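For the single chain, residues carry numbers from 1 onward in sequence order. In this text, all values refer to a predicted model and were calculated from it rather than measured experimentally.
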Amino acid sequence: MPALPSKRLFFALWPDAAVARRLAAVAQRAHAVCGGRPLRREDLHLTLAFLGTVPGEQLAAVRAVAAGIECGSFRLELDRLACKRRQGMVWTACATKPAPLADLVDALQHGLRSIGCALEERRFAPHVTLLRKAQAVAALPSLQPVAWSVLDFALAESQLAASGATYTLIERWRLQPEPPSAAE
Ligand code: ATP
Ligand code: MG
């Protein structure tokens, strides 16, 4: 039987259309000040775990890990704009990492390692890349924070090309509903 094609995979939070629009607006404002190449609205995402190239035969096990995650939904407040001057990367991030986000990443890492995925040991730093190859990152514009109600997470495939990576969503999994707060 022919081998299933390998794929370059990553888990990510993928915003709905409304949040993506607000993030794209932040990217446009940053672009007006810093130049560079804004990511396309539909490509905006927050990477949770990068798997790299995975043999096609392992895809079912990767999906099973995701299906077994029992983490809760949460609210993310993207309230920081930052840059890496040398790479010209501009991104938005949260000043405080919500505990359910850390739990989700831990659960994914644990599950993926248990099926033999070699993940990076690098500390997880949640961020949404907005611009690449920005030239004038000395003065970033002020940021209107973007509130994101995170209800699910996704597995995506990345195809690299000279013109930039193309992402394809493979599947989404819902997070468990947030328990009502005591105040409600
Ligand atoms: P390009 O590599 O062409 O600049 P890209 O980085 O968006 O594009 P990929 O390299 O396929 O495309 O990465 C997909 C996602 O995974 C991106 O969000 C990227 O930041 C993230 N990522 C890539 N490599 C790693 C890594 N080693 N550790 C953590 N996240 C990674
Ligand atoms: Mg890359």
Side-chain angles (χ1 to χ4, degrees), residues 1-21 23-24 27 39-78 84 87 89 91-94 96-130 132 146 148-179:
M1 215 163 47
L4 295 169
S6 60
K7 292 178 190 293
R8 183 176 172 92
L9 298 177
F10 61 105
F11 281 100
L13 303 181
W14 224 276
D16 64 19
V19 173
R21 246 194 322 272
L23 288 169
L39 265 80
R40 292 182 303 173
R41 189 172 68 192
E42 59 273 26
D43 287 342
L44 293 164
H45 66 275
L46 185 154
T47 298
L48 299 169
F50 178 75
L51 285 72
T53 303
V54 171
E57 289 71 20
Q58 210 183 8
L59 182 58
V62 169
R63 289 169 113 130
V65 165
I69 298 278
E70 294 182 343
C71 289
S73 55
F74 55 92
R75 193 182 134 96
L76 200 56
E77 177 93 356
L78 294 166
K84 242 184 211 153
Q87 284 129 310
M89 252 181 69
W91 68 89
T92 181
C94 36
T96 319
K97 181 169 31 169
L101 171 59
D103 292 346
L104 174 58
V105 169
D106 285 350
L108 277 172
Q109 287 185 344
H110 180 263
L112 292 168
R113 289 203 170 100
S114 77
I115 60 162
C117 293
L119 302 176
E120 284 220 352
E121 294 295 338
R122 233 195 302 173
R123 199 177 64 86
F124 170 64
H127 67 279
V128 179
T129 299
L130 300 175
R132 293 222 166 91
V146 174
W148 178 355
S149 182
V150 178
L151 305 177
D152 61 10
F153 66 99
L155 177 63
E157 177 180 6
S158 171
Q159 279 163 318
L160 298 181
S163 53
T166 307
Y167 311 128
T168 311
L169 285 188
I170 295 178
E171 192 170 346
R172 285 177 181 264
W173 291 267
R174 283 191 79 76
L175 293 165
Q176 294 174 353
E178 241 179 316

In short, salt bridge (Lys or Arg N to Asp or Glu O under 4.0 Å) pairs touching residues 151-161 with sequence neighbours left out are K7-E157, D152-R172

R174 and E70: CA distance, side-chain angles, deciding distance, salt bridge (Lys or Arg N to Asp or Glu O under 4.0 Å) verdict:
CA-CA 9 Å; R174 283 191 79 76; E70 294 182 343; over 6 Å; no

Margin query: Is any side-chain heavy atom of L151 closer than 4.5 Å to one of D16?
Written below: no

**Prompt:** Taking S73 for the side chain and Q176 for the main chain, is one N or O donor matched with an acceptor at less than 3.5 Å?
**Reply:** yes

Original post:
Does the side chain of W173 come within less than 4.5 Å of R63's, by heavy atoms?
Top reply: yes

Is there side-chain contact between W14 and L44, with heavy atoms separated by less than 4.5 Å?
no

Separation between SG (C94) and CG (L78), nearest 0.5 Å, reads 6.0 Å

query = Between H45 and Y167, how do the two ring planes meet: parallel, tilted or perpendicular, split at 30° and 60°?
reply = perpendicular

Distance-only, no hydrogens or angles: does the Q58 side chain make a donor-acceptor pair with backbone N or O of I115 under 3.5 Å?
yes

Taken to the nearest 0.5 Å, the spacing of F74 CZ from L13 CG works out to 5.0 Å

Rounding to 0.5 Å, atoms NZ (K84) and CH2 (W91) come to a distance of 5.0 Å

Indicate yes or no for a side-chain donor-acceptor contact from E57 to the backbone of L4 under 3.5 Å, with no hydrogens or angles considered.
yes

CD1 (I69) and CG (L175) are apart, to the nearest 0.5 Å, by 9.0 Å

inquiry  = Between F11 and F50 (judged by ring centroids, cut-off 6.0 Å), do the two rings come close enough to count as a pair?
reply    = no

Rounded to the nearest 0.5 angstrom, the CG-OG1 distance for L23 and T92 is 7.0 Å

Rounded to the nearest 0.5 Å, the CZ atom of F124 sits from the NE2 atom of H127 at a distance of 9.0 Å

Worksheet entry | Test item: V146 and L76 side chains (from C-beta on) under 4.5 Å apart, heavy atoms | no

